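Heads up: numbering here begins at 1 and tracks the sequence. What you see is a predicted model, and the numbers here were worked out from it, not measured in a lab. When a ligand or atom number is given, it counts from 1 through the structure's own listing order.
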Amino acid sequence: MISVELASRLKYFPPYLFASIDKMKQKAIESGIDVIDLSIGDPDIPTPHHIVNAMKKAVENPAHHRYPSYEGMRSYREAVARWYKKRFHVKLDPDTEVLSLIGSKEGIGHIPLAFVNPGDTVLVPSPGYPVYSAGTLFAGGKSYLMPLKEENNFLPDFTIIPHRVLANAKMIFINYPNNPTSVVASQKFYEELITIALRNNIIVCHDASYSEIFYDNKRPVSFMQIPGAKNVGIEFHSLSKTYNMTGWRIGFAVGNREVIAGLGKIKTNLDSGIFQAIQEASIVALDTGDDILSKIRKTYQMRRDALYNGLKKLGMHLIKPKATFYLWVKVPSNFDSMSFVKYILDRAGVLATPGNGFGEAGEGYVRFALTASVGRIKEAVERIQGIL
Ligand SMILES: *Cc1c(COP(=O)(O)O)cnc(C)c1O
């Protein structure tokens with residue numbers, strides 16, 4: 001038997017908190033608890049029929065059975081450009097400013113390999129999607145955590161970042177509408193971001209996965225709409241949350257052509273693109289009319305209202321989400337993130353995600369996902385009411 005030893009980049013990886021949550025859930029189910037799982041950031045609503053039907057047809061075409069192109073089919077990149085034009089009034093060159101991704105997670109995880117040298121600094125929000133710091137670590141970079149605090153509307157405060165850190169930073173990850181805090185960013189915030197990036201020569205990577213899951217008909221802006229955005233960075237997007245296609249694994253990056261080319265160079269050496277049938281179906285997805293999307297948004301809005309109003313009535317402290325399918329809720333004063341998650345799972349059979357799983361600055365909060373029916377959400381609130 002050989003002795004199998006993990007590379008140090010994996011050995012020193014922070015422990016994956018969500019794995020222990022999974023174990024807790026399994027244990028609760030085994031002990032007979034009917035668990036209402038509000039911990040998963042994965043839509044429970046199926047992919048719309050017209051997209052599934054397009055996939056069925058595309059699968060039959062032998063032309064799609066061969067290796068796809070690295071950067072994505074031209075027709076897919078054109079559909080992305082068309083979507084940006086229609087949705088954000090942003091013009092993109094499908095040849096140089098659009099790149100297909102095997103889900104946006106893939107692009108986010110890989111991009112530091114293109115631009116970050118060992119020891120370089122990457123600015124990362126905390127709490128935040130864990131892949132920003134994981135990708136940074138794999139490239140040998142160091143994450144500098146930017147706390148997202150409620151008193152600053154969960155936006156990073158650039159003025160408290162030391163000049164030395166900004167001067168050494170290669171890249172910054174930003175994500176609005178934000179997972180896990182559910183807030184959106186204003187045009188003014190993005191303008192400030194562009195100023196900081198230009199002054200310090202930092203590549204901006206904006207994660208816009210949730211731009212289409214918004215409430216009260218208030219459409220979030222795209223970073224790419226802000227004048228000068230293309231000079232400093234790119235935007236990541238995904239079909240996962242918009243069209244309930246998390247299992248399909250398709251997304252895209254758009255923006256600065258040199259940054260797109262750098263990421264493309266990493267990808268040509270690591271993967272061979274996305275199954276063309278999926279790209280064909282995704283073209284149909286991107287051309288989906290607003291009626292289908294507003295129906296999906298209406299479903300989330302009813303769930304949001306049920307959970308927000310319910311938890312508010314229980315006296316819990318939370319902000320009303322403007323977008324995303326998450327609620328970021330402060331835990332009662334005698335708990336921390338983990339103890340509250342355990343408490344409501346054991347006593348009420350409701351599963352939430354502990355906020356510190358998204359970084360230390362998430363301590364003191366839990367995240368509820370709106371990926372269950374209004375009925376189940378109301379039941380969850382009732383059960384929590386019984387134990388508070
Ligand atoms: C879900 C999610 C992604 C990844 O989505 P893909 O399925 O990989 O496209 C990226 N960023 C955030 C913040 C997410 O929540």
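Only the side chain of Asn175 comes within 4.0 Å of ligand 1, judged by heavy-atom distances. Using a 4.0 Å cut-off between heavy atoms, Ser209 contacts ligand 1 through its side chain alone, with no backbone atom that close. By the criterion of a heavy-atom distance under 4.0 Å, the side chain of Tyr210, and not its backbone, is placed next to ligand 1.
Figure legend: cation-pi geometry between Arg219 and Phe214 absent, as NZ or CZ is not positioned both under 6.0 Å from the six-membered ring centre and within 45° of its axis. A cation-pi geometry, defined here as NZ or CZ lying under 6.0 Å from the six-membered ring centre and within 45° of its normal, does not hold between Arg297 and Tyr215.
Aromatic ring orientation, Tyr300 versus Phe325: tilted (interplanar angle from 30° to 60°). Ring orientation note: the planes of Phe223 and Tyr190 are tilted relative to one another, at an angle of 30° to 60°.
Heavy-atom proximity to Gly103, at under 4.0 Å, picks out these atoms of ligand 1: 8 (O), 9 (O).
Residue contacts with ligand 1: Lys105 is placed with a nitrogen or oxygen under 3.5 Å of a nitrogen or oxygen of the ligand (distance criterion only). Checked against a 3.5 angstrom limit, the closest N/O atoms of Thr246 and ligand 1 fall outside it.
The closest protein non-hydrogen atom to atom 12 (C) of ligand 1 is Asp207 OD2, 3.3 Å. For atom 1 (C) of ligand 1, the closest heavy atom belonging to the protein is Lys241 NZ, 1.4 Å. Protein heavy atom nearest atom 5 (O) of ligand 1, with residue, atom name and distance: Ser104 OG, 3.3 Å. Atom 7 (O) of ligand 1 has its closest protein heavy atom at Ser240 OG, 2.6 Å.
Contact between Val184 and Tyr176 at its shortest, heavy atoms only, is C-CD2, 4.1 Å. Of all heavy-atom pairs between Ile36 and Ala380, the closest is CD1-N, 3.7 Å.
Atom NZ of Lys105 is surrounded by 12 or fewer heavy atoms from other residues, nucleotides or ligands within 6.0 Å.
Across the listed options Arg249, Met245, His237, Arg249 owns the non-hydrogen atom lying nearest to atom 8 (O) of ligand 1.
Looking at heavy atoms from C-beta onward, Asp120 lies out of side-chain contact with Phe115 at the 4.5 angstrom threshold.
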